[in-house]
2 protein chains.
Amino acid sequence: MARTVAERSDALPALGECFREHGYEGASLALIGEATGLGKGSLYHFFPGGKAEMAAAVLAEIDGWFEREIFAPLREADPPGPGITHMFEATETYFRSGRRVCLVGGFALSDARDRFGAAVKDYFARWIDALSAALLRAGWERKASRAAAEDVVGGIQGAIVLARSLDDPRAFTGMLARMRERLMS
Amino acid sequence: MARTVAERSDALPALGECFREHGYEGASLALIGEATGLGKGSLYHFFPGGKAEMAAAVLAEIDGWFEREIFAPLREADPPGPGITHMFEATETYFRSGRRVCLVGGFALSDARDRFGAAVKDYFARWIDALSAALLRAGWERKASRAAAEDVVGGIQGAIVLARSLDDPRAFTGMLARMRERLMS
DNA sequence: CGTTTCTTGTACCGTTCGGTAAAGACTTTC
DNA sequence: GAAAGTCTTTACCGAACGGTACAAGAAACG
């Protein structure tokens, strides 16, 4: 019947959610087909490289979103304060207060890291660099800004783990609020 | 030939390492057999419940180790300072400066959480409680001690994600050193 | 020594895995 | 309206999955 989904990018959000919830290995083609509403034929039409290409496309889309919505504002906001504030707010929304897992962080802990190591490394390195640059412009010392950026970017990942483990989004919002206070005071 | 492995507990370390490296889903019986040196016959003899029982046994062993080596010292050390110092040192050794993944944290991010949610929640809740109690005895206010304990326990998980992502153990050791300084100063 | 209990290797089960092939159905283009 | 290109359905493949059955081998015990 050819439902003319038309764009492969239309499938990316559902694809991303599927990888998020089940991990790279756990996201079977059956689950992916269910999540996207696409059969194997369509999936392999859009992603001839199979699961690996699907995951790579999702990673690229996520990378683009963060670059646009978080990294660039961090680098460019003048004064830098609002860029940092926006990072915390956008992060909290994006991860739905810890109810939504970070796909990149999840990949980092699984053996999907071997396959997508470069993308994973790049994502976190650029986040830390962008935040560190913002702190630098806000008057922080070089070493202190780098350390604080690592603390915050790492802390966000830890906050997700904690909120999911305790089954309590307040663990996420609490940690973020305290990190924010530590940066802005 | 019946190599008389004798104790099912002898297989737990290798079993744990296998789940750590590949996750619950990714650890196939073939990989598990390879890691433990045991055939399916032996594995199902010791763990009639299959993979789920193996993972539960590993979680129980990990829980016991942390209770003995970290939680109890945190609760009992008098003065509390050395108990906290010991926690940081033991944690750094156990996770091999972030080269070794936290199995419980990994489960929390995957859909293994649905299966082992209670054990995962308990592990983190008891860690936070024990650390919080130590800080309380060290003179911290109740709310501040709880917040700091969440920051540190979550921060450790984030440090593992970061070190693995950046492929740099210094991200782990650095974050831990700064959290330690924040607690002890 | 023989017997019982514990441990193991092997063959096998049905299911699901990622991936392929090819024909059909719809759109677009001229 | 036919030809070309795009998208989807369906059936299928070999391999690997988790799990079971069972008989043979080693240990322990009388």
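Each chain gets a letter, A, B and so on, in the order the sequences are listed, and its residues count up from 1. Basis for what follows: all heavy atoms, side chains included, without hydrogens, waters or symmetry-related copies. All values derive from a computational prediction rather than experimental measurement.
At whole-Å resolution of the value, OH in B/Tyr44 and P in D/dG18 are 7 Å apart. If you measure from atom CG of A/Leu38 to atom C1' of D/dT10, you get 15 Å, rounded to the nearest angstrom. Regarding B/Leu29, its CG atom lies at a distance of 11 Å from the P atom of D/dT20, rounded to whole Å. Distance CZ (A/Arg8) to C1' (D/dT8): 18 Å, rounded to an integer number of Å. Rounded to an integer number of Å, the gap from NE2 of A/His45 to P of D/dT6 is 7 Å. Note: CG (B/Asp10) to P (C/dC6) measures 17 Å, nearest angstrom. Straight-line distance from the NZ atom of B/Lys51 to the C1' atom of D/dG18: 8 Å, rounded to whole Å. Rounded to whole Å, the distance from CG on B/Leu43 to P on D/dG19 is 11 Å.
Residues forming a ring pair (Phe, Tyr, Trp, His ring centres under 6.0 Å) with A/Phe116 (at least two apart in sequence, or on another chain): A/Tyr24, A/Phe107. By the side chain to side chain contact (heavy atoms under 4.5 Å, CB included) test, B/Ala30 is found to be paired with B/Ser28, residues two or more places apart in sequence or in another chain being considered. For the side chain to side chain contact (heavy atoms under 4.5 Å, CB included) test, residues two or more places apart in sequence or in another chain that qualify with A/Ala119 are A/Leu59.
Residues A/Gly26 and A/Gly41 both approach DNA chain C. Their nearest nucleotides, taken by heavy-atom distance, put A/Gly26 toward the 5′ side.
Out of D/dG19, C/dT8, D/dC7, the shortest distance to the side chain of A/Phe46 is found at D/dC7. Side-chain proximity of B/Ser42 to the nucleotides D/dG18, C/dG18, C/dT8 is greatest for C/dT8.
No engagement by B/Ala52 is indicated, since no non-hydrogen atom pair under 4.0 Å with the nucleic acid exists.
For residues 105-123 of chain B, the pairs satisfying salt bridge (charged side-chain N to carboxylate O under 4.0 Å, His left out) are B/Asp122-B/Arg126, with sequence neighbours left out. Sequence neighbours left out, the pairs with a member in residues 75-89 of chain B that pass salt bridge (charged side-chain N to carboxylate O under 4.0 Å, His left out) are B/Glu67-B/Arg75, B/Glu89-B/Arg180. Listed by first and then second residue, the side-chain hydrogen bond (donor to acceptor under 3.5 Å, both in side chains) pairs that reach into residues 40-59 of chain B are B/Arg8-B/Glu53, sequence neighbours excluded. Among pairs with a residue in residues 159-168 of chain B, those fulfilling side-chain hydrogen bond (donor to acceptor under 3.5 Å, both in side chains) read B/Asp168-B/Arg170, at least two apart in sequence or across chains. Among residues at least two apart or in separate chains, side-chain hydrogen bond (donor to acceptor under 3.5 Å, both in side chains) pairs with a member in residues 95-105 of chain A are A/Glu17-A/Arg100. Sorted by first and then second residue, the side-chain hydrogen bond (donor to acceptor under 3.5 Å, both in side chains) pairs with a member in residues 148-157 of chain B read A/Arg178-B/Asp151, A/Arg182-B/Asp151, B/Arg146-B/Glu150; sequence neighbours excluded.
Residues B/Met54 and B/Phe46 form no side-chain contact, since every pair of their non-hydrogen atoms from C-beta on lies 4.5 Å or further apart.
DNA chain C lies under 4.0 Å from no heavy atom of any residue of residues 112-120 of chain A.
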(message) side-chain contact (heavy atoms from CB on, under 4.5 Å) for B/Ile128 and A/Leu166? Distances and angles first, verdict last.
(response) CA-CA 11 Å; B/Ile128 291 169; A/Leu166 300 177; 3.9 Å; yes

Distances under 3.5 Å only, N/O to N/O: pair up the protein atoms with those of nucleotides 11-15 of chain D.
none

Could you list all N or O pairs between the protein and nucleotides 13-16 of chain C that sit under 3.5 Å apart?
none

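Between B/Phe124 and B/Trp127, the ring planes lie parallel to each other; the angle is under 30°, not in the 30° to 60° tilted range.
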